[in-house]
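Take a look at the structure set out below.
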Amino acid sequence: QSTIGFNSQIKDKTATEDVGEMFHKALPQDLIKFGLIPEFVGRVPVVVALDSLDEESLVRILREPKNAILKQYKALLSLDEVDLEFDDDAVKAIAHKSFERKTGARGLRSILEAVMNEVMYEVPSDETIARCTITKDAVMGTGNMITIPVIALRSMTVLPDMVIHFDISRKISIKAVEAAMENDEKVLLLTQTDSAVKSPTAKDLYMTGTIASVKRVIRMPNKLVRVQVEGLKKAVAADINTEGDYIYADVQECSTFIEETDKVSDKAIVIGMNELLRQYAAANPRCNKEMLNHWLAIDNARELMSSVICDFPMEYTDRQKFLEMNNILDMYEYIAGILIELTQAYSIKEEISGKVRAKVDENQREYILKEQLEILNKELGQDEYSETNELEEKIDKLNASDEVKDKLHKEVKRLKNLSKGSSEVNVERTYIENCLELPWNNMSEDNNDIINARKVLDNDHYGMKDIKDR
């Protein structure tokens, strides 16, 4: 009841009351005022308030229960050997429709029936269809289904806004290009799941690809054809036919490749990407500085993400994952993982290379110094080999312990460094030569024969008849 005057209640016309929130504030006295008898309220004193389902809850209802409606449709089409898939954005669009209509979980089935009616009628009767993907555009009714020639790419994924050229040699791919040139010069570029397959079928291709415009066709030797294309739009193939002279598909164009986000998230993504790119450039000395400066100058998250995933060197499987994504936050999380992993790998590589380089430099320095010292000795007239090298060779041949040899080698090095006119040279040389004359580990066998000893002594004392007094 609305009133006017000084005692009237002022309400905001745009304000809406949440019934679930009001139920949370209900008390047992309110139930009695509503008309329930006190005996019933006393026996059942618990008051439970149920909130209305939000979009996230509706998505879980579509996917998680054992008899979830999405699982039911997948099971029905699997009987006809058709693999049915629902894009994440398509599921969210179904939940969004139900939430806007305020029909709750009961409204999900009616929305899905409207989307799947044509699919359930046509797909089981077509034996050429092996996989079917439901997209957001199919749910919202905004997608345009077109038939277009297909080029199967091996080890390559083309994204929207990319300009690239590649060589083709398979007849089905050349025929697809010729068919495109006769019409609107557009082809669908789909990547093979296995690049080794020579004659791909629908099961060997990713269903998400890029509609591209053929810019140039050049005939090359050895029956090769070089094609230059420009990526235009992301598209999802609903039906792929490989029976004719070339592969063609019924595809649904996607309105956007990368969705916009709010201003705060946009700024956060730009700041995070700039920091990760700087760290990567610092770790990788071969990073293209011109491209890095171009990325750092972009202040829009959507434009920056598109440029990085198109130009940054990565595996084609990673680009395919980006192509299958729509949410820019998911893309940022994935590219951040790639950049962090590469930065760490380059840092470890540089650390290992630094240790190896230091060791090589030390050995190289020692070699250069030895060569210079040898040249100086020759210039000064010192015969290096006749003295120190000869002594070192004798030390190596000496039958002594390693400790003794190491000590003698040190003495030889000391002899090398002494000035030729120094008085210590003769002392040092004499010491080394005396050490080399010692028997060290050489041992002789003892002879204990008394008669033989007498003969030796008599020979040594020949001419002496009497024993010498001492």
Side-chain angles (χ1 to χ4, degrees), residues 279-287 289 341-470:
Q279 292 175 358
Y280 170 78
N284 181 15
R286 295 185 178 181
C287 177
K289 303 301 180 184
E341 183 178 356
L342 288 174
T343 301
Q344 292 176 347
Y346 278 115
S347 298
I348 295 172
K349 176 188 174 184
E350 186 63 26
E351 182 180 353
I352 296 173
S353 299
K355 292 180 180 179
V356 174
R357 197 182 302 112
K359 188 174 181 180
V360 172
D361 291 345
E362 183 179 355
N363 295 335
Q364 188 73 10
R365 178 176 176 274
E366 184 177 352
Y367 171 77
I368 293 173
L369 290 175
K370 284 183 177 179
E371 291 293 323
Q372 291 176 346
L373 184 60
E374 183 178 353
I375 294 172
L376 289 173
N377 288 332
K378 288 181 179 180
E379 293 291 332
L380 293 172
Q382 297 179 358
D383 190 355
E384 180 77 19
Y385 181 80
S386 62
E387 285 195 48
T388 57
N389 286 14
E390 185 177 354
L391 291 174
E392 287 183 347
E393 288 180 1
K394 289 183 178 180
I395 293 171
D396 293 333
K397 295 178 181 179
L398 190 66
N399 187 14
S401 63
D402 293 338
E403 183 179 359
V404 173
K405 290 182 179 181
D406 292 341
K407 176 64 177 175
L408 290 176
H409 278 302
K410 290 181 180 178
E411 294 296 332
V412 172
K413 287 183 178 180
R414 185 169 180 270
L415 178 62
K416 285 182 181 180
N417 296 328
L418 289 175
S419 175
K420 190 173 181 180
S422 175
S423 60
E424 296 182 8
V425 172
N426 294 330
V427 177
E428 186 69 35
R429 185 186 299 108
T430 302
Y431 169 74
I432 296 172
E433 290 176 349
N434 289 336
C435 289
L436 292 173
E437 293 296 330
L438 294 176
W440 296 106
N441 293 338
N442 297 328
M443 301 179 66
S444 61
E445 295 182 0
D446 294 335
N447 190 347
N448 298 326
D449 189 354
I450 299 298
I451 297 174
N452 182 59
R454 181 172 183 172
K455 289 181 180 180
V456 173
L457 292 174
D458 287 342
N459 291 329
D460 292 342
H461 297 83
Y462 179 79
M464 296 179 63
K465 297 182 178 180
D466 299 327
I467 299 175
K468 185 186 293 186
D469 294 333
R470 296 185 181 277

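All values below come from the heavy atoms of this structure, side chains included, with hydrogens, waters and symmetry mates left out.
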- Message: Strictly distance-based, threshold 3.5 Å: is any side-chain N or O of W440 a donor or acceptor partner for the main-chain N or O of C435?
- Response: yes
- Going by an N to O cut-off under 4.0 Å, is there a salt bridge joining E424 and R414? yes
- Who pairs with T430 by side chain to side chain contact (heavy atoms under 4.5 Å, CB included), at least two apart in sequence or on another chain? N434
- Query: Does the side chain of N284 reach to within under 4.5 Å of the side chain of L342, using non-hydrogen atoms?
  - Reply: no
- NZ of K405: more than 12 outside heavy atoms within 6.0 angstrom? yes
- Message: According to side chain to side chain donor-acceptor pair (under 3.5 Å), who are the partners of N426, at least two apart in sequence or on a separate chain?
- Response: R429
- Note on the structure: CG (N448) and CD (E445) are apart, to the nearest 0.5 Å, by 11.0 Å
- Item | I395 CD1 to L408 CG distance, which is reported to the nearest 0.5 Å | 4.5 Å
- Query: Could you state the interatomic distance from CD (Q279) to CD (Q344), rounded to the nearest 0.5 Å?
  - Reply: 10.0 Å
- Applying side chain to side chain contact (heavy atoms under 4.5 Å, CB included) to K413 and not counting sequence neighbours gives none
- With sequence neighbours left out, the residues meeting side chain to side chain contact (heavy atoms under 4.5 Å, CB included) with E392 are N389, H409, V412, K416
Cut-off 3.5 Å, no hydrogens considered: what does the side-chain donor-acceptor table look like for residues 347-355, sequence neighbours left out?
residue, atom, partner, partner atom, Å
S347, OG, T343, O, 2.9
S353, OG, K349, O, 2.9

- Item | side chain to side chain donor-acceptor pair (under 3.5 Å) against N399, all qualifying residues, sequence neighbours excluded | N442
- Can you name the closest pair of heavy atoms from L398 and L436 and give their distance? CD1-O, 3.9 Å
- Item | N-O pairing of E393 and K397 below 4.0 Å | no
- Distance from L438 atom CG to E433 atom CD, nearest 0.5 Å? 12.5 Å
- Message: So which atom in C287 and which in Y280 form the shortest heavy-atom distance, rounded to 0.1 Å?
- Response: SG-CE2, 4.0 Å
